[in-house]
Structure formats: structure tokens, C-alpha cells
Protein chains: 2
Amino acid sequence: MTENSFRESGRAARDSTASGIAAVAALAGVSTGTVSKALNGTGQLRESTRLRVRAAAEEVGWLPNGSARSMRSGRTYTVGVITTDSYGRFSIPILRGVEDALGLGEMLCFLCDSRDDPIREQHYVRTLLARQVDGIIAVGRKEDPRIPLGRDIPVPVIYAFAPSTDPEDCSVIGDEQGGARRAIDHLVKTGRRRIAHITGLENHASAVLRAEGFRTAMAEHGLEPVDGVWFGSWSEEWGHNGVRSLLASSPDVDAIFCGSDQIARGAAYELAALGRSIPEDVALIGVDNWSPFTDGYRPHLSSVDLNLTTIGRRAGEALLKALDGRGEPGIQTVDPELIVRESSGPARRRP
Amino acid sequence: MTENSFRESGRAARDSTASGIAAVAALAGVSTGTVSKALNGTGQLRESTRLRVRAAAEEVGWLPNGSARSMRSGRTYTVGVITTDSYGRFSIPILRGVEDALGLGEMLCFLCDSRDDPIREQHYVRTLLARQVDGIIAVGRKEDPRIPLGRDIPVPVIYAFAPSTDPEDCSVIGDEQGGARRAIDHLVKTGRRRIAHITGLENHASAVLRAEGFRTAMAEHGLEPVDGVWFGSWSEEWGHNGVRSLLASSPDVDAIFCGSDQIARGAAYELAALGRSIPEDVALIGVDNWSPFTDGYRPHLSSVDLNLTTIGRRAGEALLKALDGRGEPGIQTVDPELIVRESSGPARRRP
DNA sequence: TCTTTTCCGGAAGAGGTTTTCCTAATTTTC
DNA sequence: GAAAATTAGGAAAACCTCTTCCGGAAAAGA
């Protein structure tokens with residue numbers, strides 16, 4: 001160090017206006033090429049040189065210039081995430097998973113909210129491509145399949161939650177039917193037989209798939225659904241109204257599988273108001289595992305967690321794979337999980 | 001057009017491997033500089049040339065290379081958004097506002113979730129700076145002031161929701177006290193006198209500020225708070241418990257200002273269970289205007305909306321200003337709004 | 001001491017765009 | 001029809017980093 005100080009100060013003074021790697025080079029008394037090698041651990045350098053350069057970089061507070069790097073490497077280590085939902089409740093955990101997966105690759109996300117507007121979406125696709133993103137993840141809000149982002153997109157595209165209608169695309173989605181099956185299996189295993197299903201909008205794939213899963217699982221256990229399937233809306237209020245109607249027509253129901261935690265919360269309050277205790281008289285299971293509702297009040301609600309964060313993580317991983325040339329088309333499903341809480345506890349022993 | 005076709009095809013053939021602007025230049029039979037001018041509307045060009053170049057760009061599907069552009073201009077038209085919250089309920093609307101503001105400037109957001117971990121936060125700051133972001137927006141989850149992102153950050157930083165402790169920084173926050181005042185004013189104006197306040201954690205600035213606003217507003221109306229301020233947690237369950245305790249000690253309360261919609265929803269159910277009707281016996285107002293809770297069931301809840309989206313928009317605008325050299329340090333507050341719904345409707349006429 | 005090998009580090013170019021300067025071509029003016 | 005004025009478009013540099021190719025110096029071997 002000391003024997004170099006003359007050279008260092010000399011160069012530094014001579015070239016003190018340089019910025020970026022050149023400033024580091026000047027301070028360390030080496031060429032820019034050497035700095036690059038020292039900082040990236042490439043090339044053949046004396047250890048002392050490497051250390052000297054590192055120290056110089058530290059001193060001038062050097063940070064790599066991403067633009068310059070991308071221009072050379074052709075990669076930006078950046079992905080675009082387009083969500084059709086205004087980053088609603090579903091996009092958020094998915095985003096988190098995406099970030100988890102991409103963070104490992106030192107990648108950053110551009111977040112774009114298309115607000116379900118095709119014009120905005122196309123605009124974002126162009127903007128993202130102009131910024132040379134390495135890939136794009138399209139996050140949906142519903143399970144309903146969606147039209148692909150576009151033809152001839154020169155980077156990999158992964159669809160999360162809402163799959164692409166093109167089977168050649170890569171999509172990562174939740175397993176709605178599996179979730180319903182887990183709920184029903186659990187209810188049956190804990191002794192319930194008169195099971196009803198109150199769920200959301202009939203024109204949502206999520207509701208339809210859950211209902212299918214419900215019917216299939218019931219059939220497998222040799223059970224008949226109580227009063228078919230009650231479609232309504234995704235609101236807490238529908239939980240109240242649905243339960244009221246249900247109990248009026250089938251007062252002997254002993255379990256209700258609800259299409260969402262909001263519906264389940266409404267159902268819980270209404271059951272209490274009608275004098276049924278949970279879980280002794282009626283067991284309750286929701287979907288989403290959304291804590292403001294599952295843990296809002298007693299009893300805490302059992303719920304099917306679609307593992308949205310995992311969906312996001314898988315989508316991120318799929319993208320990394322695709323960037324690595326190992327992309328696999330097709331639809332990948334993520335296993336849901338049943339979170340058991342008080343509302344599906346043991347039934348009152350039949351008298 | 002026709003008289004140029006020879007030249008065009010000649011150049012195109014000779015240089016068909018070129019990419020980017022060069023490919024367009026070859027196809028249009030002009031130089032790259034001319035293409036740049038034609039596409040950007042700069043320089044002195046014949047209209048026919050401009051059109052020819054545009055057509056060529058269209059034909060080869062040209063998109064500008066963001067990296068190259070940034071390298072020349074020094075601007076990336078990119079901002080980093082660091083949220084301390086896992087993009088929770090508060091960050092989301094703020095983000096939306098940010099995007100609204102920045103979209104006008106054709107800017108894109110890098111979204112980073114620091115998860116309240118200072119190490120992660122510093123990591124993201126470095127990463128963002130390395131990517132040459134034009135600015136950074138730090139989004140908080142609570143109103144509690146936060147330590148600045150760092151010293152010597154070479155780009156403007158705007159703090160949203162959680163202000164910076166350094167008054168020289170630029171922060172955009174909500175007006176908690178103003179929100180409380182609006183709620184109380186409305187209650188008093190509609191004839192309520194025995195008003196209580198049930199709110200969240202005592203060590204959250206949000207709760208403390210709302211409580212202060214509550215006390216001040218009450219004093220201004222010459223009223224005494226019923227039973228002081230009930231601090232608890234931010235949960236629906238606390239709404240139940242708080243109301244139960246409150247009614248036990250002060251059964252003549254005629255309005256409750258709740259620190260959140262979740263608390264208010266719990267309060268609503270408990271009041272109903274105790275035989276008080278809303279709003280005839282007791283009026284109810286929450287904070288957040290979070291529709292799953294305000295519109296969850298009857299009665300729909302009145303609520304103070306802190307206008308988070310506006311906070312985000314203002315933050316974005318402040319950043320654009322700062323980039324324009326017109327940045328203003330200090331704390332900027334955004335006006336809240338009281339959304340009146342059924343729960344604060346007219347009281348039962350006193351017998 | 002001279003040759004061969006090994007090791008360090010420098011010079012230069014590429015990547016895509018914008019911009020400045022400058023020349024050539026066209027139009028205007030007398 | 002020639003000189004002046006204006007306009008159109010080309011050439012090259014700059015932005016910053018990484019990488020390839022090479023030359024020079026030191027070390028090792030003869």
C-alpha cells in the first residue's frame with residue numbers, strides 16, 4: 001500500500017473527474033480493464049492488486065452501472081409483473097412469492113397494474129419490452145383462463161393464478177378442486193355427513209371449480225350434497241343470507257363448506273344468531289385463509305389456503321428456468337393446504 | 001417511395017444482420033442518426049423521410065433499447081418503491097397512487113419489499129441505485145416516523161405514509177387527527193353527545209394521533225370523552241370485547257368512534273348482540289374505509305378514508321417535481337374524507 | 001546467461017442510442 | 001444564371017462496462 005501511494009495520488013489527481021469504473025481505476029493506479037477483473041473476480045490478478053482495487057472502489061463509493069452492464073450482457077436482471085387486479089388481495093401474496101424466487105437471482109420486478117384493461121396491458125407489454133426485461137409474469141385475479149399477453153413476445157412469459165388459454169404457454173395455478181376435496185375429506189373424517197356448500201358468483205371459474213371439487217369429493221364418500229350448491233356473491237352478507245335460506249330448507253345440516261372466508265364469517269355470525277353453535281352443531285370451513293376474517297372473532301375459522309405465495313414462487317422459478325433455456329410449457333398446479341382451526345372442531349355427540 | 005426502392009433494398013440486403021436502430025436505418029436507406037431524429041421528432045427532416053423511417057421501424061418491429069437510452073441520457077425513467085410492509089393493505093392503495101402519478105411521466109416502478117428488515121432495506125437501496133433509478137419512494141405501514149433511508153443518496157427520496165425523522169426530507173402523510181375531527185364533528189352534528197373511542201395499539205402513532213384528534217375535537221365541542229380512550233388491538237375481536245367493557249361501565253353511550261373498520265365491525269356485531277340497534281341507539285364510525293369490512297354486513301359502516309391513493313399520488317408528484325429540480329422538503333399532509341353510511345345515521349328520538 | 005514458461009495487466013472494441021458538428025444539396029434572391 | 005441562404009441528412013463521439021487479445025515482466029529451467 002505505502003509503496004504505491006505516490007502512483008495512486010498521482011493518477012487520482014490527474015484523472016479526478018472520471019466517474020464509474022474509471023475513477024476507481026485512477027485511484028487504484030490501474031486500467032479500467034483491471035478494475036473490472038478485480039471487482040468481478042475474473043481474469044488473472046495478483047491478490048494485492050485485487051485488494052487495492054476493491055479498496056479504491058469502496059472509497060469512491062462505486063456502484064455498477066446497470067444500464068451499461070445490460071447493454072453488454074444483453075440481460076437486465078429485471079422482470080415485468082403485470083397484474084390484472086389492482087394489486088388486490090390475490091396479487092399481493094403472489095407478488096411476494098415472485099419476489100422471493102427472483103431475489104435469489106438478484107432480479108428486480110417492475111410492477112404494472114393493467115386494471116383489467118387490454119389497452120393498458122398492451123401498453124405495458126411494449127414498455128416492458130422496450131426496457132429489455134428478461135421475462136414477464138402475468139398475474140390474474142381469478143382462476144378464469146385468459147388470452148395470452150401477445151404473440152411473438154421475445155422473452156419468456158409465465159402466467160400465475162389465471163392460466164393462459166394457450167396450452168403451449170407456461171402457467172402456474174392453484175388447485176381449487178383439490179382444496180375443496182381437502183375440506184370435505186376433513187369434514188367427513190370428523191364425522192360430518194350433512195354437508196352444504198355456499199359459495200360465490202356462478203360465473204367465476206373459482207366458484208365453479210370449487211363446487212365441482214365439492215361434488216366429486218362428496219360422491220367419493222358416498223354422500224349427497226345438502227341442497228346442491230348455493231351460488232351467490234363473494235360477500236360476508238351472502239354468508240348471512242345463504243345460511244338463513246339454507247337452514248330454512250335443510251335445518252339438519254351439520255357442516256358448511258364456504259367459498260370464501262368472508263362468506264364463512266357471515267355464515268358464522270348468522271349461525272350463532274340462529275342458535276347453532278360452531279363447531280358443535282355445525283362445522284365451518286372457508287377458503288383463502290385470509291387472517292382478518294379467519295381470526296376476526298370466535299371461533300377462528302378453518303380455511304383452505306391456496307398457497308398463493310407458493311404460486312408466485314413457482315412462477316418466479318419457472319421464469320428463471322425458462323431464462324436458463326429449461327422452460328417447460330403447460331399448466332402447473334400448486335397444492336392447497338387445509339388450515340384447521342376451531343370452526344371445524346369436533347361435533348356434539350349425537351344424543 | 002418508388003424511386004427509393006433500389007437504394008432501400010440495396011442497403012437492407014447489405015446490412016441485413018444489423019439490429020436495433022441500425023436495422024431500421026438499413027431498411028429505410030438512411031443513417032442511424034437520421035433514424036433517431038425521425039423517431040424522436042427532432043432535427044430537420046423531410047416529412048417523406050420521417051414517414052419512410054417510421055414505416056421501416058414498424059416493419060422490423062423496432063422498440064427502443066432502454067439500456068442504451070439510459071446510458072446516454074443518464075435517466076432511466078424508473079423509480080424504486082421500497083415498502084416496509086409486505087405490500088399489505090396500506091401499501092397497495094399507495095402504490096396505486098404512485099403509479100398513477102408516475103405513469104404520466106412514462107415511468108415504471110421497481111417494487112421492493114423490505115419486510116421491515118433494515119438489512120434488506122439497505123440491500124435494496126444499493127441495488128436500486130446500481131440500477132440508476134431516478135428516485136426512490138419509501139412507503140411505510142404505520143404513521144410512526146422512520147429513520148431516513150440513508151445519507152448521501154444521490155437521487156431524490158420521498159417518504160409516503162411513514163414520514164422521515166429528518167425534517168429536511170420530503171414526506172407525504174395522512175392527517176390522522178383531521179380524520180378523527182371529521183368523524184367527531186359529524187357525530188356531534190347529528191346529535192350525539194356521549195361519544196366513546198375504541199382504538200388499536202397504544203404504541204402505534206396512528207392510534208395515538210387519532211386519539212389526540214378525538215380528544216381535541218371533543219373539547220372543541222365542549223364534550224367530555226366517555227370513559228377516556230380504550231386502547232387495545234387492531235382486531236375485530238377487540239371491537240367485541242371493547243364494546244362489552246364499555247357498555248358495562250357506560251351504558252348510556254350513544255356513539256363510538258372506532259380506530260379501524262375491523263374494530264368497528266366487531267363493535268357492530270357486539271352491540272347487536274347486546275340489544276342496541278345501529279344507528280338508532282348507537283352510531284358507529286370506523287377508519288380505513290376498507291370495503292370488505294365497511295360493506296360486510298348491515299349496517300354498512302361509516303368510515304374515515306385517509307385517502308391513501310392520494311398520498312401515493314402526491315408522493316409520485318413530489319418525486320417528479322424533485323426530479324425537475326423543484327423539490328420541496330418538509331411534511332405534506334393529505335386531507336382525509338369521511339364516508340357516511342348507515343351506521344352513523346339519525347338517532348332514535350329520545351323518549 | 002539465455003530461453004521457455006507463467007503470470008499480470010494494458011489497449012481496444014462492442015453494445016444501441018442520441019447529439020453535435022459539418023457537408024452536401026436544395027431553394028431563394030438578385 | 002450565379003451567389004447567398006436555408007435545409008436535409010451523414011459521420012463520429014460519448015455514455016460505462018466487460019471481454020478478448022497481446023505484450024511485457026518476472027520466474028523457472030537449461
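Side-chain atoms are counted along with the backbone in the values below, which use heavy atoms only and exclude waters and symmetry mates. A, B, ... follow the sequence lines: proteins, then strands. Residue 1 opens every chain.
- The nearest whole Å value for the distance from the CG atom in A:Leu45 to the P atom in D:dA26 is 17 Å.
- Here the C1' atom of nucleotide C:dG9 and the CZ atom of A:Arg46 are 9 Å apart, to the nearest Å.
- Map A:Arg50 and B:Leu63 each onto its nearest nucleotide of DNA chain C; the residue landing nearer the 5' end is A:Arg50.
- Remark: the B:Ser31 side chain and the B:Thr34 side chain contain an N/O donor-acceptor pair separated by less than 3.5 Å.
- Each of A:Lys142, A:Arg141, A:Arg146 was evaluated against A:Asp116; a single residue qualifies, A:Arg141, per the salt bridge (Lys or Arg N to Asp or Glu O under 4.0 Å) test.
- OP1 or OP2 of D:dG9 has at least one side-chain nitrogen or oxygen of B:Thr49 nearer than 4.0 Å.
- Computed from coordinates, the A:Arg131 CZ to C:dT17 P distance equals 15 Å when rounded to whole Å.
- The CE atom of B:Met71 sits 10 Å away from the P atom of D:dC15 (whole-angstrom rounding).
- Judged purely by atom type and a 3.5 angstrom limit, A:Arg52 uses its side chain to pair as donor or acceptor with the backbone of A:Ala28.
- Within 4.0 Å of A:Gly33, counting heavy atoms only, lies at least one base atom of the nucleic acid.
- Taking 4.0 angstrom as the limit, B:Ser31 places none of its side-chain polar atoms (N or O) nearer than this to OP1 or OP2 of D:dA11.
- At the phosphate of D:dT19, neither OP1 nor OP2 sits under 4.0 Å from any side-chain N or O atom of A:Arg72.
- Annotation: of the two residues near DNA chain D, A:Arg69 and B:Glu47, the 5′-most nearest-nucleotide partner is B:Glu47.
- Judged purely by atom type and a 3.5 angstrom limit, A:Asp134 uses its side chain to pair as donor or acceptor with the backbone of A:Thr76.
- Residues of residues 36-44 of chain A having a heavy atom closer than 4.0 Å to DNA chain D, listed by number: A:Ser36, A:Lys37, A:Asn40.
- Across the protein-nucleic acid pair, B:Arg75 atom CZ and D:dC15 atom P stand 19 Å apart, rounded to whole Å.
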Side-chain donor-acceptor contacts of residues 318-330 of chain B below 3.5 Å, not counting sequence neighbours, with atom names and distances?
unit_1	atom_1	unit_2	atom_2	d
B:Asp324	OD2	B:Arg326	NE	3.1
B:Asp324	OD2	B:Arg326	NH2	3.4

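- Using a 4.0 Å cut-off between charged nitrogen and carboxylate oxygen, A:Glu99 and B:Arg115 count as a salt-bridge pair.
- Considering only side-chain N and O atoms, B:Ser19 lies nowhere under 4.0 angstrom from the phosphate OP1 or OP2 of C:dG15.
- In terms of the ring pair (Phe, Tyr, Trp, His ring centres under 6.0 Å) criterion, residue partners of B:Phe110 (sequence neighbours excluded) are, by chain and number, A:Phe110.
- When the P atom of C:dG15 is taken as reference, atom CD1 of B:Ile21 falls 15 Å away, rounded to whole Å.
- Between the CD atom of A:Gln132 and the C1' atom of C:dG16 there is a distance of 9 Å, given to the nearest Å.
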